[in-house]
Amino acid sequence: MLDRNLLRNNPQAVRTAAGNKGEPCPIDRWTELDARRRSLLEQVESLRRKRNELSSMVSAMKKKGQDAGELIRESRKTGEAIGVLEKELAGVDAEMREVELWFPNLPDPDVPVGVDDSHNKILRIRGNVRTDIRVPPHWEILGGLLDTDAAGTITGANFVLLRGWAARLQRILIDWMMDFNSAAGMEEIWMPFLACRQSMITTGQIPKLEEDMYHVDGNDLFLVPTGEVPLTNLYRNTIIPEKNLPISLFGYSPCFRKEAGSYGKETRGLNRVHQFEKVEMVRIVKPEESGEAHEKMVAHVEKMLELLELRWRVSLLSTGDLSFAAAKCYDLEVWSEGQERWLEVSSVSNFHDFQARRGMIRYRPAGGGKPRFVHTLNGSALALPRIIAALVERGWTPEGEIKLPPVLLNYAKGNLAAD
RNA sequence: GGAGAGGUGGCCGAGUUGGCUGAAGGCGUACGCCUGCUAAGCGUAUGAGGGGCGUUGAGCUUCUCCGAGGGUUCGAAUCCCUCCCUCUCCGCCA
């Protein structure tokens, strides 16, 4: 959601921003509605004021035992006029709120303008790569341990079932990620995996991406597409005392996405599935601190990739690749030695006050004063399936071993290979 | 799932024979004063949102909001209906 003052005073900026993102921009309709709304509001308010005055006069006269019949008749007439205008106003209001949900967030000035991911700015590449051997893709290495046939039977295409040490590797990774994030001082959260409609609106999945969400019939709940939804909505409709900021949270959740329109190589193996697991961080900060918080989150994720001994790169997304709700986003991708391509494993975004406005997440300045909108950020730390893919490829040796990085061996306790 | 109770401002908590109650009181917080045996006392201020005029980080004014929505009424936090949520007891269950 965007600031109404911005929509009113600088519609061109909104139009340009939406254009750069390749998103819709119902600014003309909004401007009409806004003008109509304000005109109606003035009329309704002056009539309501009149009615309030008449009412208190009626009250005063009745107390004195006088006949207020004349005033009551006038008040009733006023009330009828108010009713008519209020009905129209309610309609305009409702449409305006609906329209406002369709404005994408404005990209941060730092974001390169471009139509798609080819304009993303690659900031750095770290870690090394083996060029002396040909590594098979993870689905070959994992073989029957990545049992897509079974998942297909149980559920359907593009679901995953892991067996044996592949399943255990996933559990170990989650455990390690949770510990690592906890050690960084964030609060650990265990969250619901279904979210109500308003939660989905707050973080921006609805209305635009509703078709990509799994919906539970009967009670209007959605399977969470990311832990961002529950974690951010933890503070919906809340005024947070300034001394409690910044708030840093993390938690595990499965993520459910229909991923309509994906196909081919993109979806092979663990590359793109309908349910995947992820540890997510969310940060809630004062507006002036979000830029710095964003960088710190990226550094945190990079540290994890370093410890996993993977090769990774960091990109600053261009406007065309930036999501609907994000103002600025870094993608972190790991190198898949078996597929010889980059796989996105973390997306760290700053939403500025976009989500805060949708969900009324505010803070009270320490010296008192009006509540202000916070800035929200989130990032994966990390998404599991592609990490597993990269990790088994990276650890694969021509002798058929899978060597894990030292940080995980502590967790595996030497058991992994036993299977 | 059944029965009962309840949802009021940052928090707690009055107010339901409908009418200066946007809301007593308390806590918390901010500023000021006083005092100096360890912290207290006194004073003042302190909900949110929208609109108009004005300013541009002054203000003035008005409307709305007492879980949400609808209804009754000249007028509703107070009456009626629907829904949501919380708590207690019972049932069921990993």
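Naming: A, B, ... by sequence-line order, numbering from 1 per chain. Note that this is a predicted model, so its numbers are computed, not measured.
Residue contacts for A/Leu41: at a heavy-atom cut-off of 4.0 Å it reaches the sugar-phosphate backbone alone, with no base atom in range. As judged by a 4.0 angstrom heavy-atom cut-off over every strand, A/Pro371 is placed among residues touching the sugar-phosphate backbone only. When heavy atoms are screened at a 4.0 angstrom cut-off, A/Arg372 is found touching no nucleic acid atom at all. Residue contacts shown for A/Arg37 are limited to sugar-phosphate atoms, with no base heavy atom under 4.0 Å away.
Side-chain N/O atoms of A/Asn52 include none lying less than 4.0 angstrom from OP1 or OP2 on B/C74. Within the structure, a side-chain polar atom (N or O) of A/Lys370 is placed less than 4.0 Å from OP1 or OP2 of B/G49. Phosphate contact (OP1/OP2 of B/A48, side-chain N/O of A/Arg364, threshold under 4.0 Å): present. For A/Arg48, no side-chain nitrogen or oxygen approaches OP1 or OP2 of B/C65 to under 4.0 Å. Between A/Arg38 and the phosphate of B/C63, there is no side-chain N or O to OP1/OP2 separation shorter than 4.0 Å.
Between the side chains of A/Thr376 and A/Gln355, at least one donor-acceptor pair of N or O atoms lies under 3.5 Å. When only modelled atom types and interatomic distance are considered, A/Glu295 and A/Tyr330 share a side-chain donor-acceptor pair under 3.5 Å.
Under 4.0 Å is where a charged nitrogen must lie from a carboxylate oxygen, and between A/Asp34 and A/Arg8 at least one such pair does.
One interatomic measurement links the two molecules: CD of A/Glu86 to C1' of B/U64, which rounds to 10 Å at whole-angstrom precision. One interatomic measurement links the two molecules: CZ of A/Arg49 to P of B/G52, which rounds to 16 Å at whole-angstrom precision.
Crowding of A/Glu292 atom CD: a count of heavy atoms from other residues, nucleotides or ligands under 6.0 Å not exceeding 12.
Rounded to whole Å, the separation between the C1' atoms of B/A76 and B/U17 comes to 14 Å. Comparing B/G67 with B/A5, their C1' atoms sit 16 Å apart, to the nearest whole Å.
In this structure, B/U46 forms a base pair with B/G28, meeting either the Watson-Crick or the G-U wobble geometry with both donor-acceptor distances under 3.5 Å. Nucleotide B/G59 forms a pair with B/C53, judged by Watson-Crick or G-U wobble geometry with both contacts under 3.5 Å.
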